[in-house]
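Keep in mind that what you see is a predicted model, and the values were worked out from it rather than measured.
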Amino acid sequence: MALSLCSCSLLQPGEVEPTPEIVGFQTGAATAVQQASQDDPGGQATQEPAPTPAADPPSEQLSVEDGQSPAPTDEPEQPTPTPEPDTEPSAQPSTGVEPAQQSATAETAAQEPDTRETPADSVPPVSPEGPVAALILPNGGAFADFAGTFVSAAKPVLEGQGFTVLEYYSDDGNSEANNIYSAIGSGAVCIAIMPSYTDNTGDALNECHLQGIPVVSLMSPSAGNIALVSPDYSEMGGLFADAVHTALPDGSSTLLVANGSLPFINQMIRDGFTQKAEGYENISLRSSLLLNTGSNDVYDKATVALGDENISSVIVIDESASAEVARAVEDSGREIVLLTTGGNSTVSGMVGDGQVYASVFASPYQLAEMACSAIAAAIADPAGAASYAKLKSEMIAAETADSYTSNTGYADILSPLDAVPSDAGAEASADAETTGQEEDE
């Protein structure tokens, strides 16, 4: 199914479209950095920065431009008059100060740091060593753990390619839009965004387009992006249908618990699930529950939704809500199959313990690899950059949970067995060799 860029209604699934051909990225890192450096030798982007609040006027003080003493005059110096004891001293410096004293005063003032506070919404000055690549990520919500793991994997790669990496974290739609403007003002030559509040960012992203700054979207599309790196969410929905059929072969009515700030992802997973469920005949989508990002009433809402006794399976499209939904399922006292998205340590642990039947997810490590290639390609040749790169989708089940454990706390589908200790691997090889010898005998 195609990854459509339009936002669809969750309760009215759209028509299924054929999946387009997937085009891979070419790294082009060296070319991208060289191109960005040629466009801006000083490491700053050539576009005009976003408007910022006017700075506070400097305090009135005697200063000398460029740290130079004023040119001496031909007139002789006049002694400074001594004020009377009962006369209040002037608030302004005396105009009879020696030029050398003026210079020393100016140099001292220049060395003292400016302690005035910068307005919270202003763009701090940036003096990067290389062209700026900006990462705009959610601060909390469905992708919180995923985004943190992505940054830890992507940042060293981008810095190794010669970029200066600036990170911005968004709490809501307004801060996400402001972060885009801040990235523009900081001289970004490319912006990679994991959008969570698409209704608020249209104008800011349009400004990127006007200034020729390529935008790479991660995990979900955004307006005007030239590249999208994400899984095929309809494929994820199909994996959920397969898992429900395996767990409940006699049939199931499913509750879909979704994050209200991710309409594109919700709709794609829903469509993929319903399309695959049609082949099983006895699996259907019973109802949907929308949650707000960071909601504190997940348990209560899930408990109310589970009051429908026809529900026998639940799919959660928000790993941050999985624990509370699992608590509601357990307190219902019924045998309900719970499936979720994500691979953080909480979800992996619940799968291993049997609270969650299975979890479908994409790897933040693979996203880091493909996003870095997309950023480099977008800078080197925006017109020739691939429009879509597909992340692999995979499922953690009880029997494979240990295999996907990662030292960083988030499951890795690229090389899931890398976390196995070397001595354990040696023991496994020795056991296999001994078993083989016994069979030969």
Side-chain angles (χ1 to χ4, degrees), residues 7-13 138 140-146 196 219-220 231 233-234 236-245 247-248 252-277 283-344 346-351 354-362 393 395-397:
S7 296
C8 304
S9 170
L10 179 63
L11 301 180
Q12 297 179 358
F143 284 120
D145 293 332
F146 184 93
S196 297
M219 302 305 290
S220 182
Y233 291 106
S234 63
M236 282 189 169
L239 290 175
F240 278 128
D242 291 338
V244 170
H245 174 69
L248 301 168
S252 173
S253 292
T254 302
L255 167 66
L256 185 68
V257 180
N259 187 310
S261 66
L262 304 172
F264 171 81
I265 295 175
N266 298 337
Q267 187 66 52
M268 294 294 288
I269 290 179
R270 175 195 173 101
D271 289 351
F273 175 85
T274 55
Q275 182 183 21
K276 194 65 175 287
I283 296 176
S284 62
L285 185 62
R286 175 77 175 181
S287 58
S288 298
L289 170 62
L290 282 178
L291 302 174
N292 295 322
T293 299
S295 176
N296 295 322
D297 56 357
V298 172
Y299 173 84
D300 293 336
K301 289 183 176 180
T303 299
V304 172
L306 291 173
D308 182 350
E309 295 187 357
N310 291 309
I311 293 174
S312 56
S313 61
V314 178
I315 297 173
V316 184
I317 312 176
D318 183 348
E319 64 183 340
S320 67
S322 298
E324 288 297 281
V325 175
R327 188 163 68 93
V329 167
E330 183 178 0
D331 290 349
S332 72
R334 305 193 341 248
E335 293 293 330
I336 297 176
V337 174
L338 177 61
L339 304 99
T340 186
T341 54
N344 64 16
T346 299
V347 170
S348 298
M350 289 193 298
V351 173
Q355 286 182 282
V356 173
Y357 180 77
S359 181
V360 178
F361 75 109
S393 298
M395 180 177 290
I396 308 175

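Side chains of Ser234 and Gln275 form no contact here, defined as non-hydrogen atoms less than 4.5 Å apart. Between Ser322 and Val356, every side-chain heavy-atom pair lies at or beyond the 4.5 Å cut-off. For the pair Leu306 and Ile336, the minimum side-chain heavy-atom distance is below 4.5 Å. For the pair Leu291 and Val257, the minimum side-chain heavy-atom distance is below 4.5 Å.
Interatomic distance, Leu285 CG to Thr274 OG1, rounded to the nearest 0.5 Å: 7.5 Å. Rounded to the nearest 0.5 angstrom, Leu256 CG and Leu290 CG are separated by 8.5 Å. To the nearest 0.5 Å, atom CE of residue Met219 and atom OH of residue Tyr233 are 3.5 Å apart. Separating the NE2 atom in His245 from the NZ atom in Lys276 is a distance of 10.0 Å, to the nearest 0.5 Å. The structure places CD1 of Ile315 at 13.0 Å from CG of Leu289, a figure rounded to the nearest 0.5 Å. Between Leu339 atom CG and Ile396 atom CD1 the span is 12.0 Å, to the nearest 0.5 Å.
In terms of heavy-atom proximity, Ile311 sits nearest to Ser287 at CD1-OG, 4.0 Å. The two atoms that bring Thr254 and Phe273 nearest to each other are OG1-CZ, 3.6 Å, heavy atoms only. Listed here is the closest heavy atom pair of Lys301 and Asn292: NZ-ND2, 4.4 Å. Of all the heavy atoms in Leu338 and Val316, the pair that sits closest is CD1-CG2, 3.8 Å. Annotation for Val347 and Gly342: closest pair CG1-O, 3.5 Å, computed over non-hydrogen atoms. The two atoms that bring Leu239 and Met395 nearest to each other are O-CE, 3.3 Å, heavy atoms only.
Side chain of Ser252 to main chain of Ile283: no donor-acceptor pair is present (N/O by atom type, distance under 3.5 Å, no hydrogens or angles). Of the possible donor and acceptor atoms, none in the side chain of Glu319 sits under 3.5 Å from a partner among the backbone N and O of Thr340. Using a distance-only test at 3.5 Å, with no hydrogens or angles considered, a donor-acceptor pair links the side chain of Thr341 to the main chain of Asp318. Formation of a donor-acceptor pair under 3.5 Å by the Asn266 side chain with backbone atoms of Asn259 is found in this model. Not a single donor-acceptor pair under 3.5 Å links the side chain of Arg270 to the backbone N or O of Ser288.
A salt bridge links Glu324 with Arg327: the closest approach of a Lys/Arg side-chain nitrogen to an acidic carboxylate oxygen falls below 4.0 angstrom.
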